[in-house]
Protein chains: 2
Amino acid sequence: MDADKVFKALSDSTRRMLLDRLYEQNGQTLGQLCQDVGMARQSATQHLEILEAANLVTAVRRGREKLHFINPVPLHEVYERWVQKFERRRLGLLLDLKNELEGDPK
Amino acid sequence: MDADKVFKALSDSTRRMLLDRLYEQNGQTLGQLCQDVGMARQSATQHLEILEAANLVTAVRRGREKLHFINPVPLHEVYERWVQKFERRRLGLLLDLKNELEGDPK
DNA sequence: ACAATACGCAGGTAAAAGCCTGCATGTCAA
DNA sequence: TTGACATGCAGGCTTTTACCTGCGTATTGT
């Protein structure tokens, strides 16, 4: 997983919206996804290219259409690397701050 | 949670490294965190400000020092909103693509 | 064949991000 | 009190990002 590409891809609200749309209906075409995004087709296309580069979306050509599918694997890996790790020590991390705020020595 | 700020904060490798460092040792000072990042102190400071603005890090002043603590809450919320959701349908989403690749009609 | 459809390619612009240097301020310890 | 230390503030530079417009190519249905 290229963490940089994945997080950068997720760092834009338009792209997160596109993912949500694909979640609602997987396998949409470029044209469908470019509708109602409030920007030119080419702009939305560029966002989808970034999602593809991050492997969050996989596109398949069928005739003159391009179908888009969510790839949930990178999100799973983000969870394993970035959330689970911090989750395990979640309460402990919060306690560090609490103790400092209360002036407790370590 | 401000998803935009959180994802943007996580989209830079320097900032992810800073989080990892804080995970190793919570409560470090600005000076400590600015060491060995391969950039000027002020640059690292700006990264920490972004992490603070995203609530991923909470800073506390103690005398002339500024101590930094991880706040695991935003990461937890990212998980709930962005990972868990896709995780539930993970296999189904992958199947959509597999079927399309194999030319199966829906 | 040909017109409509779905998409790709190639720039161009403005704003944001990331990095820097220089100087100012506040705190501690001797 | 005064020098060393830890951090804050301000501005400038360069690259990246997000958006656009205009035109080219491939596919489809009639």
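Here is how names work: the chains are called A, B, and so on, in the same order as the sequence lines, proteins then strands, and each is numbered from 1. Values below: all heavy atoms of this structure, side chains included; hydrogens, waters and symmetry mates excluded.
Checked by distance alone, B:Gln42 brings a side-chain donor or acceptor within 3.5 Å of a matching partner on the base of D:dC9. A donor and an acceptor atom never sit less than 3.5 Å apart when one is taken from the side chain of A:Arg64 and the other from the base of C:dG8. Looking at B:Arg61, its side chain has no donor and acceptor atom pair within 3.5 Å of the base of C:dG26. One N or O donor and one acceptor, one from the side chain of A:Gln46 and one from the base of D:dC19, sit under 3.5 Å apart.
Per the geometry, CG belonging to B:Leu48 stands 16 Å off P belonging to D:dA6, to the nearest Å. Rounded to whole angstrom, the span from the NZ atom of B:Lys66 across to the C1' atom of C:dT27 amounts to 16 Å. D:dT7 atom P lies 11 Å from atom CZ of B:Arg62, rounded to whole Å. Atom NZ in B:Lys5 sits roughly 14 Å away from atom P in C:dA16 (whole-Å rounding). In this structure, B:Asp12 atom CG and D:dT15 atom P are separated by 17 Å, rounded to whole Å. With rounding to whole Å, A:Glu49 atom CD is found 12 Å from C:dA10 atom C1'. Atom CZ in A:Arg41 sits about 14 Å away from atom P in D:dC23, given to the nearest Å. At whole-Å resolution of the value, CZ in B:Phe7 and C1' in C:dA17 are 19 Å apart.
Electrostatic pairing of B:Lys5 and B:Glu52 does not count as a salt bridge here, judged by no charged N lying under 4.0 Å from a carboxylate O. Ion pairing between A:Glu65 and A:Arg61 fails under the 4.0 Å rule for side-chain N and carboxylate O. Using a 4.0 Å cut-off between a side-chain N of Lys or Arg and a carboxylate O of Asp or Glu, B:Lys98 and B:Glu102 qualify as a salt bridge.
In terms of phosphate contacts, B:His47 brings no side-chain nitrogen or oxygen within less than 4.0 Å of OP1 or OP2 of C:dA17. A close approach under 4.0 Å does not occur between any side-chain nitrogen or oxygen of A:Ser43 and OP1 or OP2 of D:dA18. Residue A:Arg15 places at least one side-chain N or O closer than 4.0 Å to OP1 or OP2 of D:dA18. Look at B:Lys8 and you won't find any side-chain N or O under 4.0 angstrom from OP1 or OP2 of C:dA16.
A 6.0 Å sphere centred on NZ of A:Lys85 holds more than 12 heavy atoms belonging to other residues, nucleotides or ligands.
Remark: aromatic rings of A:Tyr23 and B:Phe86 are close, center separation under 6.0 Å.
B:Gln46 places no side-chain N or O within donor-acceptor distance of the main-chain N or O of B:Arg41, the cut-off being under 3.5 Å. Counting only distance, with no hydrogens or angles, the side chain of A:Arg15 and the backbone of A:Lys8 share a donor-acceptor pair below 3.5 Å.
Proximity note for B:Glu65 (side chain, C-beta onward) versus C:dT21, C:dC19, D:dA6: the nearest is D:dA6.
The stretch residues 28-40 of chain A comes close to DNA chain C through A:Thr29, A:Leu30, A:Gly31, each having a heavy atom under 4.0 Å from the strand.
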